[in-house]
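Comments concern the structure below.
By convention in this document, chain letters (A, B, ...) are assigned in the order of the sequence lines, proteins followed by strands, and residues within each chain are numbered from 1. Because only heavy atoms are used, hydrogens play no part in the values below, and waters and symmetry mates are left out as well, while side chains stay in.
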Amino acid sequence: MNRYDYKEIEAKWQKTWEERGAFHASEDHTKEKFYALVEFPYPSGAGLHVGHPRSYTALDIVARKKRMQGYNVLYPMGWDAFGLPTENFAIKNHIHPAVVTERNIARFKSQLQALGLSFDWSREISTTDPRYYKWTQWIFLQLYKKGLAYKKEMAVNWCTSCKCVLANEEVVQGVCERCGAEVVRKTKSQWMLKITEYAQRLIDDLDQVDYIERVKTQQKNWIGRSTGAEVDFTTSEGDKLTVYTTRPDTLFGATYMVISPEHPAIEAWADKLRNMEAVLAYREEAARKSDFERTELNKEKTGVRLDGVCAINPVNDTEIPIFVSDYVLMSYGTGAIMAVPAHDERDWEFAKVFDLPIIEVVKGGNVQEAAFTNVETGEMVNSGFLNGLSVAEAKKKIVEFLTEKGVGHQKVNYKLRDWVFSRQRYWGEPIPLVYCEKCGWTPLPEDQLPLTLPEVESYEPTETGESPLAKMTDWVQTVCPHCGAPARRETDTMPQWAGSSWYFLRYMDPHNDKELVSREALEYWSPVDWYNGGMEHTTLHLLYSRFWHKFLYDIGVAPTPEPYAKRTSHGMILGENGEKMSKSRGNVVNPDEIIDTYGADTMRLYEMFIGDFEKAAPWSSTSIKGCRRFLERVWNLFDHVQPGEAYTAQHEILLHRTIQKVGEDIEALKHNTAIAALMSLVNAFYEKGVNRAEYKTLLLLLNPFAPHITEELWALLGETGEILSLQPWPQYEESKTVESTVEIGVQVNGKLRSTIRLPLDCEQQQAVDTALADEKVQNAIAGKQVVKTIVVRNKIVNLVVK
RNA sequence: GCAGAUGUGGCGGAAUGGCAGACGCGCUAGCUUCAGGUGCUAGUGUUCGCAAGGACGUGGGGGUUCAAGUCCCCCCAUCUGCACCA
């Protein structure tokens with residue numbers, strides 16, 4: 001037997017698989033399908049990170065096993081290639097982003113291929129390919145036509161360095177998620193997508209899918225549904241000021257009101273406000289603050305009382321003052337609140353600063369000391385007809401009262417906001433709309449798609465924050481598709497999330513130039529059976545793509561309401577020091593070097609063996625050697641293989657058990673324990689010998705984890721015909737996974753004292769008798785009386801003595 | 001502050017309420033070797049003991065149970081989201 005030459009072996013089999021198209025999803029739609037999906041990467045200039053293969057290998061193992069089990073498996077890969085880093089690199093180095101992208105993709109692809117991942121490369125896609133983004137633009141047009149895309153002047157997050165609008169999700173701790181520069185508020189006209197219209201369905205339909213629980217929880221929290229009431233307060237001006245509250249039960253305790261600095265009522269009352277100057281000054285100050293400052297400076301409440309206008313509490317006709325304060329956000333609810341300092345911490349703080357009355361309406365705390373917010377135990381007081389009720393009862397009754405009087409009603413609110421869809425950037429999908437003086441915004445006819453990106457001189461955004469496309473007069477100036485008059489194109493582009501919101505559909509039929517995907521392909525492959533990706537995408541990509549898919553379902557394109565039947569999430573791979581891998585920390589592990597030193601099979605095996613798949617795990621450059629050693633042992637075992645086409649009695653049970661365990665563990669994404677079981681099997685083979693049938697089973701079970709070495713050994717065994725990766729998955733028999741006798745523990749008063757061997761499923765009496773006959777047990781119970789015996793069949797005997 | 005998760009040997013980690021520490025790393029001793037490495041054999045939670053054997057052990061404190069890493073209550077620590085959302 002030669003030495004284990006992993007480099008030669010891995011190159012050879014990767015070539016063979018490619019030549020044979022071994023992993024191409026079959027067009028045979030009579031076979032049962034299995035669609036496994038991993039998040040396609042952003043092909044960054046840094047190349048592959050060791051974190052990428054953790055996800056890819058995990059589902060590769062599932063995909064390979066499913067293939068061996070006879071499923072028609074679709075396991076595709078592509079590139080989410082629009083985005084800022086590429087554009088920034090292009091600006092700096094004066095290279096076209098498309099050239100940079102192409103280069104990065106080539107590198108990523110070769111790195112992925114070196115790992116022996118069983119992707120169907122014939123279905124490779126890139127979001128930057130006009131043949132692809134034609135359909136991204138098409139979906140946008142459908143959204144526009146259904147009124148789900150609209151333009152709005154709004155305060156947006158503005159990155160001072162990227163000179164670009166960011167979605168709320170891209171702002172982290174007040175700085176830009178990508179570049180780390182400060183983010184300020186700026187008013188701009190933006191394209192928006194009405195994801196809020198789908199808020200309830202995005203919550204409800206989580207019941208239909210098999211996502212890990214924390215993903216569901218995080219999505220629900222992000223959407224942030226709350227049930228409360230809208231209440232109209234009449235003002236001294238005779239108009240209405242409407243508030244949203246989740247605590248209508250505390251209405252009798254409302255001692256003042258607060259409106260957000262941006263609230264339009266300020267303009268409406270301009271004539272009446274005796275301190276308009278102070279109010280406007282406050283508003284301006286609030287506008288200047290970035291979101292970060294506004295939340296960071298939340299220790300001390302600030303505000304200005306409106307002098308000249310007040311409001312009437314509808315339940316007791318009391319006059320109460322109105323304040324303007326930046327602790328009330330225009331973007332949530334109605335931008336105005338009723339303040340109940342006794343039962344809301346923020347209102348309490350504000351009331352303390354401005355010395356406002358605090359009226360207790362729910363008994364149970366000391367409201368002069370702190371706001372009492374417990375809704376479980378309280379009883380209503382000082383609340384007229386609500387007195388004596390519980391909080392829950394009071395809520396119901398007050399809403400009935402308000403509804404009857406016509407001054408309020410129940411209302412559901414969501415924290416989720418509409419999706420800011422414009423970017424003032426070059427490297428994104430152009431938005432296929434034209435502005436005509438006469439007709440307004442007009443969609444491009446579908447037969448003019450794709451609207452491709454023009455060549456530009458420079459990719460830098462303009463100083464005013466417009467996209468570099470704005471400088472391309474020839475491109476911008478066009479005619480109105482509707483009336484033929486001169487018109488100009490939208491120069492903003494789409495955010496990176498656009499292309500990734502539907503890419504999983506395109507894989508089903510990636511070369512179709514007539515439709516997004518053929519109906520036949522959609523019906524056969526939908527939905528994605530198993531989608532694995534990072535937790536960081538839970539509230540962004542995962543929510544956005546569910547939204548788009550629901551929309552596509554509504555317009556009759558997608559056949560299912562939900563895109564992904566199952567979602568799992570992997571933990572990060574950390575540096576050796578337990579910190580996140582990063583260049584600045586100097587703890588980055590380069591996958592190329594690992595593959596060069598140990599081989600792809602070792603790399604795959606190690607990343608799967610590293611620990612609980614869902615948890616973060618630190619890289620260990622010594623532990624990986626154990627995985628390499630294991631593969632060497634499998635390799636060297638070849639020389640010990642004895643003839644024999646059936647399992648020997650000494651290994652039969654172990655083999656059946658291992659087949660069961662490995663199969664079940666793969667389905668549960670517990671690859672670490674599956675590998676441990678295979679290691680135990682190899683240890684047993686070294687100890688007691690192995691025959692050809694047994695060795696073949698080992699190779700089959702190990703193949704999804706370490707495909708190259710197992711293919712080679714399979715070939716060396718002289719197996720002819722199909723390659724190992726297309727062999728049927730081994731079967732086990734339940735009856736052969738159990739031995740005829742079992743070793744069970746004997747406890748005395750719950751403490752283990754001995755072990756005994758008993759026939760499988762033996763009678764209780766026999767178990768007790770055997771236990772009592774045991775010498776160690778006798779010593780332990782000497783001089784005492786057995787008062788109770790507990791026998792759990794095949795597990796344990798516990799003797800309670802006194 | 002809110003939400004979620006986590007806490008087990010020197011390390012990564014295993015354990016449907018039923019023999020804690022599988023599997024691997026590391027370490028120790030021995031064999032192989034000119035030597036380094038590889039490979040092989042044995043050992044390896046702590047502690048008392050020459051040994052047989054015993055005691056103690058899953059962040060801390062209570063509880064339920066014949067039996068708790070696992071279930072319940074309280075506390076501590078760490079991580080990850082979100083953060084004035086009325």
Students often get this wrong, so: under 4.0 angstrom with heavy atoms, is [X] touching a base, only sugar-phosphate, or nothing?
X         : result
Arg633(A) : sugar-phosphate
Val792(A) : base
Ala616(A) : sugar-phosphate

- State the syn/anti category of rG9(B) according to its glycosidic angle, syn meaning within 90° of 0. syn

Atom-to-atom span, [atom1] of [X] to [atom2] of [N] - whole angstrom:
X         : N       : atom1 : atom2 : result
Arg629(A) : rC40(B) : CZ    : C1'   : 12 Å
Gln764(A) : rC66(B) : CD    : P     : 16 Å
Asn794(A) : rC19(B) : CG    : P     : 13 Å
Asn683(A) : rC23(B) : CG    : C1'   : 9 Å
Leu752(A) : rG18(B) : CG    : P     : 14 Å
Arg225(A) : rC2(B)  : CZ    : P     : 23 Å
Ile223(A) : rA3(B)  : CD1   : P     : 19 Å
Arg247(A) : rA86(B) : CZ    : P     : 12 Å

- Query: Is the NZ or CZ atom of Lys301(A) positioned over Tyr327(A)'s six-membered ring, under 6.0 angstrom from the centre and within 45° of the axis?
  - Reply: yes

- Item | Arg657(A) charged N/C atom sitting above Tyr732(A) aromatic ring, 6.0 Å / 45° | no

Ignoring the backbone of [X], work out which of [options] is nearest its side chain.
X         : options                   : result
Phe609(A) : rG24(B), rC84(B), rC19(B) : rG24(B)
Asn798(A) : rC66(B), rG26(B), rA22(B) : rC66(B)
Asn672(A) : rC84(B), rA14(B), rC25(B) : rA14(B)
Lys751(A) : rG18(B), rG81(B), rC56(B) : rC56(B)
Thr673(A) : rC84(B), rA22(B), rG12(B) : rA22(B)
Thr622(A) : rC66(B), rG26(B), rG12(B) : rG26(B)
Lys615(A) : rC82(B), rG7(B), rC19(B)  : rG7(B)
Thr217(A) : rG54(B), rG81(B), rG4(B)  : rG4(B)
Arg753(A) : rA86(B), rC84(B), rG54(B) : rG54(B)
Asp612(A) : rA86(B), rG12(B), rA14(B) : rA14(B)

- Would you mind checking if Arg247(A) and Asp249(A) are paired as a salt bridge, meaning a charged N to carboxylate O distance below 4.0 Å? yes

- For the residue pair Asn413(A) and Ser226(A), confirm or rule out a side-chain donor-acceptor distance under 3.5 Å. no

- Query: Will you find, in the side chains of Asp665(A) and His671(A), an N or O donor that is under 3.5 Å from an N or O acceptor?
  - Reply: no

- Task: Would you please classify the geometry between the Tyr4(A) ring and the Trp635(A) ring as parallel, tilted or perpendicular, with 30° and 60° separating the classes?
- Result: tilted

- Quick one: is Ser623(A) getting a side-chain N or O under 4.0 Å of the rG26(B) phosphate, OP1 or OP2? no

- Starting from the 5' end of RNA chain B, give me the residue, Glu345(A) or Ala676(A), whose nearest nucleotide shows up first. Glu345(A)

